[in-house]
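Okay, structure first, notes after.
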Amino acid sequence: MAWVLFLLLSLFLQGALGEIICEELPVGMCSYSISSSGKRCLLENYASTDGTTEFQCKTSEVEVNNMAEVIESDECVRACGVDRKAVGISSDSLLEPQFTAKLCSRTCYQNCPNIVDLYYNLAMGEGVFLPDLCKAQRNMPRRAMSQLLSSGAASGPASAAAQAPVSAAGCPAPTV
């Protein structure tokens, strides 16, 4: 009996102390959040029984290094040009010059490591090194887009990652 009481009390205290569980987050705070277990939260949609589209927050399988229990601030959401109501996140937004300009802005890149880390990894998946893309975006925005489209012109993940200093958040330190 004491063991059951201890277990129930432990579960109650975890919730009271602010543990972040994706499935318990409001839909408007889901995207760009990281659970207490270090996994990214993901907004998903589904058709309800009456045919309307409903949304729910789910825990993804994507683990984030060196970050946990993060609910992205409204300031970072605005500064980086992301949308909390986005269902799924892809590298396609990196093809939009306005988005890349906001992501690479000093306000976003230097102050919002969660969002930068997410898009850093998405860009790497496309063979693009985000710090190089941001440098090209600042200096030559049109060239940045052609660099991303070709993916061969960007520094490869191995060579570029070896040269880049890494921040405490696990993403490259800004070279702004």
Side-chain angles (χ1 to χ4, degrees), residues 18 20-46 53-139 141-142 144-149 151 154 157 160-161 164 166-176:
I20 296 176
I21 300 170
C22 297
E23 286 75 9
E24 295 177 2
L25 286 175
V27 169
M29 298 182 88
C30 181
S31 294
Y32 308 103
S33 292
I34 303 171
S35 70
S36 297
S37 66
K39 292 188 177 189
R40 289 202 177 275
C41 298
L42 180 66
L43 187 61
E44 293 183 351
N45 61 0
Y46 64 95
T53 301
E54 299 287 329
F55 297 91
Q56 61 186 354
C57 191
K58 294 284 196 171
T59 303
S60 75
E61 292 303 314
V62 178
E63 290 191 35
V64 182
N65 293 326
N66 304 318
M67 280 189 267
E69 295 187 347
V70 174
I71 295 177
E72 195 56 74
S73 70
D74 290 336
E75 292 82 10
C76 279
V77 168
R78 279 191 300 276
C80 299
V82 296
D83 181 7
R84 280 196 200 274
K85 295 178 183 172
V87 176
I89 298 169
S90 78
S91 59
D92 291 351
S93 55
L94 293 169
L95 293 171
E96 300 170 18
Q98 299 86 355
F99 174 77
T100 306
K102 280 193 160 200
L103 179 67
C104 295
S105 71
R106 291 179 194 268
T107 308
C108 176
Y109 201 83
Q110 292 180 344
N111 299 312
C112 306
N114 173 30
I115 293 173
V116 171
D117 177 70
L118 172 63
Y119 283 96
Y120 173 86
N121 289 321
L122 288 172
M124 271 301 208
E126 298 295 328
V128 176
F129 188 56
L130 186 62
D132 289 348
L133 178 64
C134 286
K135 184 177 179 183
Q137 170 65 33
R138 283 187 298 280
N139 297 332
R142 286 192 179 142
M145 288 304 106
S146 65
Q147 179 179 346
L148 183 60
L149 288 170
S151 291
V166 176
S167 73
C171 59
T175 55
V176 182

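As the structure is a prediction and not an experimental result, all values here were calculated from the model.
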Heavy-atom distance under 4.5 Å between the side chains of C76 and N114, does that happen here?
-> no

K102: partners by salt bridge (charged side-chain N to carboxylate O under 4.0 Å, His left out), with sequence neighbours left out = none

Going through the checks in order, is the side-chain contact (heavy atoms from CB on, under 4.5 Å) test met by L103 and I115?
-> CA-CA 8 Å; L103 179 67; I115 293 173; 4.0 Å; yes

Using a 4.5 Å cut-off on heavy atoms from C-beta on, say whether the side chain of V27 contacts that of L43.
-> yes

Kindly confirm or rule out an SG-SG distance below 2.5 Å between C112 and C80.
-> no

Quick one: ring-ring contact (aromatic ring centres under 6.0 Å, His included) pairs with a partner in residues 24-43, sequence neighbours left out?
-> none

Do Y120 and F129 have side chains that get closer than 4.5 Å, going by heavy atoms?
-> yes

Give a yes or no on whether the backbone of K85 and the side-chain of S31 come within a donor-acceptor separation of less than 3.5 Å.
-> no

Rounded distance (nearest 0.5 Å) linking atom CD1 of I89 with atom CG of L118 = 5.0 Å

Sorted by chain and residue number, the ring pair (Phe, Tyr, Trp, His ring centres under 6.0 Å) partners of F99 (sequence neighbours excluded) come out as Y119

Is it true that the SG atoms of C30 and C57 are less than 2.5 Å apart?
-> yes

Close side-chain approach of N121 to V64, heavy-atom, < 4.5 Å | no

Those residues at least two apart in sequence (or on a different chain) that pass side chain to side chain donor-acceptor pair (under 3.5 Å) with E44 are none

For the residue pair C22 and S35, what are the closest heavy atoms and their distance?
-> SG-CB, 3.8 Å

One should read off an interatomic distance between I34 CD1 and K39 NZ, to the nearest 0.5 angstrom, of 13.0 Å

For D92, all residues meeting salt bridge (charged side-chain N to carboxylate O under 4.0 Å, His left out), sequence neighbours excluded | none

Do you know the tightest heavy-atom contact between V77 and E72?
-> CG2-CG, 4.2 Å

Does D117 reach the main-chain N or O of P113 with its side chain, forming a donor-acceptor pair under 3.5 Å?
-> no

Looking only at atom types and distance, does a side-chain atom of S60 sit under 3.5 Å from a main-chain N or O of R40, one as donor and one as acceptor?
-> yes

Given S105 and T107, is the side-chain hydrogen bond (donor to acceptor under 3.5 Å, both in side chains) satisfied, shown in steps?
-> CA-CA 5 Å; S105 71; T107 308; 4.6 Å; no

Side-chain heavy atoms of E126 within contact of L94, under 4.5 Å = no

Using side chain to side chain contact (heavy atoms under 4.5 Å, CB included) as the criterion, list what pairs up with E23, not counting sequence neighbours.
-> I21, K58, T59

Worked check of side-chain hydrogen bond (donor to acceptor under 3.5 Å, both in side chains) between Q137 and T100 | CA-CA 7 Å; Q137 170 65 33; T100 306; 5.0 Å; no

Taking it one step at a time, do V116 and Q110 satisfy side-chain contact (heavy atoms from CB on, under 4.5 Å)?
-> CA-CA 9 Å; V116 171; Q110 292 180 344; over 6 Å; no

Any idea which heavy atoms bring L42 and G88 closest together, and the distance?
-> CD1-CA, 3.9 Å

Once you round to the nearest 0.5 Å, how far does CG of L122 lie from CE of M124?
-> 12.0 Å

